[in-house]
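Computation of the quantities below employed the complete heavy-atom set of this structure, encompassing side-chain atoms and omitting hydrogens, waters and symmetry-equivalent molecules. In each ligand, atom 1 is the first atom listed, and ligand 1 is the first ligand listed.
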Amino acid sequence: MARVIPGIGSTERPSRDLLAVRAAATPDDLALIDVATGEEWTYEDFDRRVDRAARALTELGDDVGDGTQLERLGLLVDTRPAFTVVFFAAMRTGTTVVPLNVRETVTELAEKVERTGLEAIVCERDTAATALDLADRAEMVVASIDEVGGVDGVGGVGGVDGIDEVKSDRVRSLAGATEASGPGSVDSLERSAPPEIDPEATQLLMFTSGTSGDPKAVRLTVSNLVASATASAFRLGIDREDRWLCCLPMYHMGGLAPVVRSTLYGTTVVVQREFEPDATARVLATYDITGVSLVPTMCKRLLEREGGWRPPETLRFVLLGGAPATQELLERCLENEIPVYPTYGMTETASQVATATPEAVRSHEGTVGRPLVGSEVTVVDDDGEPVAPGEPGELVVAGPTVTPGYLEPEVTEEAFGDRGLYTGDVGYRDTGGRLWILNRRSDRIVTGGENVDPGEVVDALRTHSSVAEAAVVGLPDDEWGERVAAVVVPAGDGIEYASVLESCEERLAGFKRPKTLAVVDELPRTASGTVDREAVRNLLLEDGVNVSDAHR
Ligand SMILES: O=C(O)CCC(=O)c1ccccc1C(=O)O
């Protein structure tokens with residue numbers, strides 16, 4: 001199969017580590033700026049840190065016991081530069097990274113740790129306690145990129161932000177491994193050739209929500225990531241001065257993709273740990289940001305700031321994805337001269353499949369644009385046959401960005417057909433090849449850019465002894481796009497809201513917990529016996545009680 005970038009992700013010639021190739025080409029260009037600390041790394045700095053971290057991972061592998069390299073590494077680290085260092089270090093050691101959502105509970109994470117058979121997990125100070133908890137349930141080596149005490153006695157536990165209690169000789173310290181220099185640091189300019197990597201190896205195992213049951217673990221190869229970053233550039237363009245603001249979680253595809261893109265292009269990422277409308281608006285203006293990835297909720301919150309949001313002159317694009325953007329939001333973007341690029345994508349395709357330009361947003365209301373170069377989208381009917389332009393059907397995606405499959409072969413088997421990956425999303429195309437999305441993954445709830453599988457919430461509710469049955473849907477929400485809502489059928493005499501909610505708190509991340517509840521004697525069902533989701537939605541709109549607004 002022909003590959004787009006010779007030398008990187010190529011099957012004809014040895015494939016080279018993409019950060020190392022980049023560092024050799026433009027060592028003095030700026031790779032990354034950390035808003036929190038003001039640190040700036042050139043590509044040479046970045047490469048050195050990655051080299052040190054790769055060595056630390058190799059040692060960690062030795063520790064796992066069998067003297068071989070680490071196969072799978074959990075990453076329980078929030079959006080910060082060290083995340084990117086561990087990611088590229090793992091590419092160098094041939095280790096699969098399993099990014100974990102730091103907002104999830106131990107219960108949710110434990111299931112993922114077990115399914116992926118993690119041998120080791122990298123945490124930070126804030127997630128060390130969770131990582132240790134996880135290691136109690138599954139045998140795993142825990143390493144921290146911050147100093148939290150440890151066997152090698154590096155540093156103490158400084159009482160930072162009250163989180164000073166995590167002190168365990170079970171936490172290995174990687175603090176220092178992600179730093180710039182130290183003994184044994186390699187000068188990338190002296191390296192004869194960038195390290196070879198296997199472009200078809202699984203670089204990432206990333207979780208994504210389905211609609212009924214377990215989150216899916218998506219395998220992505222280096223070549224998927226490179227193909228995606230390459231195709232993205234054909235739609236958004238590249239400028240040497242580009243600075244991409246990363247304020248989306250890096251443990252999701254939409255947050256990690258800009259890091260891969262920017263490294264391939266040799267441009268700069270600006271990392272902001274957390275989106276906050278005022279702070280993000282300030283960063284956009286003061287860091288000469290040229291591009292930013294946002295979910296619709298974030299974009300809306302920027303526009304609704306006091307005094308509104310005027311994009312800085314440097315801004316070339318706002319890549320708006322993760323959830324459908326409303327026409328109202330897109331119009332407000334255009335009115336405010338925001339160069340908005342609504343995008344349709346998924347973890348399974350290493351981010352973008354189709355992306356509309358601001359011109360297309362103006363001329364073709366509601367479109368997500370044409371597929372990116374190399375991506376092929378077929379709209380099919382129930383028999384899997386392609387339909388005519390204008391006819392709705394399921395979107396099937398093929399091309400070099402598409403995952404080779406999920407962790408479990410039976411899940412892969414079910415998702416793929418002759419024409420590619422069956423997305424479960426419904427849409428249509430026009431004669432010009434532009435796509436429209438009608439509804440995404442039917443039952444999946446998208447709240448503030450986070451995907452929630454209703455089945456997972458139902459399972460959590462049903463573990464409570466007072467709940468016999470439950471149904472979960474998304475209700476429209478001004479702030480979050482959708483909010484999680486549940487109807488429950490009591491098992492006995494009644495339901496204690498407080499106790500049910502408490503049990504959800506133990507099992508579900510904040511964004512997955514029901515914000516609206518209703519109690520019914522019986523779930524509404526269709527003639528065929530399945531839960532009538534439309535009736536459940538109406539019931540909740542009429543009789544639902546709002547129990548919480550907290551999204552975290
Ligand atoms: O919907 C998904 O799961 C993928 C979302 C995604 O990648 C994304 C989300 C927000 C902004 C930009 C992007 C992107 O495609 O890069």
- Please could you name the atoms of ligand 1 that Gln352 approaches to less than 4.0 Å, counting only its heavy atoms? 15 (O)
- Item | Geometric cation-pi criterion, Lys112 with Phe207: 6.0 Å, 45° | yes
- If we number the atoms of ligand 1 from 1 as shown, the ones under 4.0 Å from a heavy atom of Gly321 are 9 (C), 10 (C), 11 (C)
- Task: Report yes if the distance between the aromatic ring centroids of Tyr251 and Phe83 is under 6.0 Å, otherwise no.
- Result: no
- Region of Leu294 that comes within reach of ligand 1 [heavy atoms, distance under 4.0 Å]: backbone
- Contacting atoms of ligand 1, where contact means under 4.0 angstrom from a heavy atom of Gly254: 6 (C), 7 (O), 8 (C), 9 (C), 13 (C)
- Item | Backbone or side-chain N or O of Gly345 under 3.5 Å from ligand 1 N or O | yes
- Side chain, backbone, both or neither: Met206 near ligand 1, heavy atoms under 4.0 Å: neither
- Message: Is there a polar contact between ligand 1 and Arg261, counting only N or O atoms under 3.5 Å apart?
- Response: yes
- Query: If you measure from the Lys or Arg side-chain nitrogens to the Asp or Glu carboxylate oxygens, is any gap between Lys515 and Asp477 under 4.0 Å?
  - Reply: no
- Task: Return yes if some donor-acceptor pair links the side-chain N/O of Asn224 with the main-chain N/O of Pro400 below 3.5 Å, else return no.
- Result: yes
- Charged N to carboxylate O under 4.0 angstrom, Glu304 versus Arg332? yes
- ligand 1 atoms nearer than 4.0 angstrom to some heavy atom of Leu248 are 10 (C), 11 (C)
- Quick note on ligand 1: atoms under 4.0 Å from a heavy atom of Thr347 include exactly 3 (O)
- Message: Quiz question: by atom type and distance under 3.5 Å, do the side chains of Glu39 and Trp41 form a donor-acceptor pair?
- Response: yes
- Message: Regarding Asp459 and Arg507, does a basic nitrogen lie under 4.0 Å from an acidic carboxylate oxygen?
- Response: no
